[in-house]
Amino acid sequence: MPRALVTGAAGFIGSHLSELLLDRGISVIGMDNLLTGDLSNIEHLAGRDFVFVKHDVTSFIHVPGPLDLVFHFASPASPIDYLRVPIQTLKVGSLGTHHALGLAKEKNARFLLASTSEVYGDPLVHPQREDYWGNVNPVGPRGVYDEAKRFSEAMTMAYHRVHGVQTRIVRIFNTFGPRMRVEDGRAIPAFLSQALRNEDVTVFGDGSQTRSLCYVSDLVDGIFRLMASDVVDPVNIGNPHEMTIRQLAEQIIALTGSRSRIVEKALPVDDPKVRQPDITRARTLLGWEPKVALAEGLSRTLEYFKRKLGVS
Ligand code: UDP
């Protein structure tokens with residue numbers, strides 16, 4: 001049975017990925033320092049071929065025994081997190097990626113980096129193709145995440161070129177689903193929890209900025225396909241269905257039947273004005289296509305938030 005390490009396994013995407021790997025007959029070591037991850041995301045995996053190790057990957061990673069696959073997902077990923085823990089965000093992207101790559105080299109394991117659409121920054125090319133180099137402010141508050149991920153992509157390619165490590169890079173666009181934290185701060189968890197509590201729904205700026213939202217089961221399916229492929233160049237995985245943040249807020253208020261009203265708050269510094277993945281590469285090289293429509297994904301996520309908030 002193949003063995004995989006998932007760093008960030010107690011996080012939102014890491015936990016869904018661990019579950020998918022187990023379903024495909026892969027034994028999983030889940031690692032997390034629980035800075036933004038939560039054990040409740042993985043407690044249902046107890047009794048399966050899953051071992052949890054509490055460890056901060058910015059320190060040397062030791063995994064006894066053979067290892068076939070390394071999925072490097074550890075990182076704060078919400079704008080409010082990387083404003084709160086900017087140095088940890090830089091360290092996990094740099095030192096953490098170095099350690100995870102070193103482990104993959106030592107074990108002769110295949111390595112997949114969780115990168116991000118944030119490498120494109122506030123993009124001047126739309127939709128974003130993988131050959132666009134981006135428009136990132138290195139010294140702005142988001143720079144800690146964007147530059148850490150850009151560095152981690154460069155480090156991954158260096159390990160591929162210098163040491164011949166089999167590497168993969170996925171650029172993850174906005175993703176949502178169950179196990180996002182209620183206080184995560186990103187748009188969907190914020191709007192859902194505000195709407196369920198009949199509180200004001202906080203749209204930043206005038207809400208004309210756009211995002212394209214992918215349901216988590218589609219995302220982890222794409223990630224698994226990428227790991228199984230021979231594609232070394234970065235691949236965007238995301239849903240190209242683009243909408244404004246105001247439209248998203250309105251859809252969530254309608255879905256929940258909430259009495260909430262939309263209020264405008266200050267737009268965060270360097271907030272990208274548009275974002276949409278060009279997924280030609282994933283379509284043609286991985287045969288991947290998102291399947292879950294926004295409305296369906298939102299209903300599934302709503303059920304999770306109702307349980308978490310104790311709302312019926
Ligand atoms: N946003 C918002 N209200 C919120 C949270 C986020 O209007 O309570 C906006 C945010 O400014 C951005 C978009 O929603 O334009 C998506 O933000 P998110 O934090 O989900 O992810 P990002 O794509 O910025 O990393």
Side-chain angles (χ1 to χ4, degrees), residues 11-13 36 73 75-86 89 93 114-123 126-128 134-137 140-150 170-216 219 236-253 255-256 258 260-277 294 297-298 301 305 309:
F12 161 52
I13 295 175
T36 57
F73 278 67
S75 178
S78 167
I80 59 166
D81 287 332
Y82 37 85
L83 294 180
R84 188 172 54 89
V85 287
T89 303
S115 186
T116 167
S117 54
E118 285 280 329
V119 300
Y120 302 120
D122 189 4
H126 191 68
Q128 292 76 54
N135 177 39
V136 170
N137 174 5
R142 292 176 95 99
V144 296
Y145 183 65
D146 303 9
E147 297 295 6
K149 290 292 187 181
R150 289 168 68 95
V170 59
R171 291 190 180 146
I172 299 172
F173 281 66
N174 293 69
T175 299
F176 71 101
R179 302 190 203 132
M180 292 186 98
R181 294 163 304 163
V182 170
E183 304 303 336
D184 178 275
R186 280 178 284 190
I188 288 186
F191 295 169
L192 277 174
S193 47
Q194 289 161 344
L196 285 171
R197 292 165 168 156
N198 292 305
E199 294 169 357
D200 288 346
V201 168
T202 55
V203 163
F204 297 161
D206 63 5
S208 63
Q209 70 272 32
T210 69
R211 294 293 185 275
S212 309
L213 299 150
C214 184
Y215 189 66
V216 65
L219 177 86
N236 291 338
I237 299 283
N239 191 320
H241 175 79
E242 185 181 7
M243 66 196 307
T244 68
I245 290 301
R246 182 173 286 275
Q247 286 169 333
L248 176 67
E250 285 163 354
Q251 185 164 342
I252 287 177
I253 291 171
L255 172 73
T256 51
S258 172
S260 294
R261 290 173 325 147
I262 291 177
V263 295
E264 292 184 7
K265 297 264 176 185
L267 190 66
V269 176
D270 296 334
D271 197 281
K273 284 179 269 310
V274 291
R275 184 180 286 156
Q276 185 196 15
L294 180 67
L298 284 177
T301 311
F305 275 82
L309 294 174

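Both ligands and their constituent atoms are indexed starting at 1 by order of listing. The basis for the numbers below is simple: all heavy atoms, side chains too, and nothing from hydrogens, waters or symmetry mates. Along the sequence shown, the residues carry numbers beginning at 1.
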In terms of atom number and element, which parts of ligand 1 are under 4.0 angstrom from non-hydrogen atoms of Pro79?
-> 19 (O), 25 (O)

One finds that the ligand 1 atoms under 4.0 Å from a non-hydrogen atom of Arg275 are 22 (P), 23 (O), 25 (O)

Hey, is Asp81 close enough to Arg186 for a salt bridge, meaning N to O under 4.0 Å?
-> no

Take Asn198 and Ser258, measure what side-chain hydrogen bond (donor to acceptor under 3.5 Å, both in side chains) needs, and give me the verdict at the end.
-> CA-CA 6 Å; Asn198 292 305; Ser258 172; 3.2 Å; yes

Electrostatic pair Glu118-Arg142, nearest N-O below 4.0 angstrom = yes

If we number the atoms of ligand 1 from 1 as shown, the ones under 4.0 Å from a heavy atom of Asp271 are 10 (C), 11 (O), 12 (C), 15 (O)

Look at ligand 1 and say whether Glu118 reaches it with a heavy atom at a distance under 4.0 Å.
-> yes

Tell me which one of Leu213, Leu248, Thr202 gets a heavy atom nearest to atom 8 (O) of ligand 1.
-> Thr202

Which residue supplies the protein heavy atom nearest to atom 21 (O) of ligand 1, what is that atom called, and how far is it?
-> Asn174 ND2, 3.4 Å

Compare all side-chain heavy atoms of Thr36 with those of Arg181 and state whether any distance is below 4.5 angstrom.
-> yes

Can you sort out which atoms of ligand 1 are near Ile245, meaning under 4.0 Å from one of its heavy atoms?
-> 7 (O), 13 (C), 14 (O)

Hey, does Gly185 sit under 4.0 Å from ligand 1 if you only count heavy atoms?
-> yes

Nearest to atom 7 (O) of ligand 1, what protein heavy atom do you find, and at what distance?
-> Phe204 N, 2.7 Å

Residues, nucleotides or ligands: over 12 heavy atoms within 6.0 Å of Arg261 CZ | no

With no hydrogens and no angle check, is any side-chain donor or acceptor of Ser260 less than 3.5 Å from a backbone partner on Val201?
-> no

Specify the closest pair of heavy atoms between Asp270 and Asn137, including all atoms of both residues, with the distance to one decimal.
-> OD2-ND2, 3.0 Å

Out of Lys265, Arg142, Arg186, Arg246, whose heavy atom is nearest to atom 18 (P) of ligand 1?
-> Arg186

Check ligand 1 against Val203 and write out every atom of the ligand that is under 4.0 Å from a heavy-atom position of the residue.
-> 7 (O)

Between the side chain of Gln276 and the main-chain N/O of Pro240, is any donor-acceptor distance below 3.5 Å?
-> yes

Return the option from Ala187, Ala190, Pro268 holding the heavy atom at the smallest distance from atom 20 (O) of ligand 1.
-> Ala187

Pairing of Asp122 and Lys273 as salt bridge, 4.0 angstrom limit | yes

If hydrogens are left out, which of Arg211, Gln209, Gln194 has an atom nearest to atom 16 (C) of ligand 1, that is, the closest non-hydrogen atom?
-> Arg211

Which ligand 1 atoms does Phe191 reach within 4.0 Å, using its non-hydrogen atoms?
-> 2 (C), 3 (N), 4 (C), 7 (O), 8 (O)

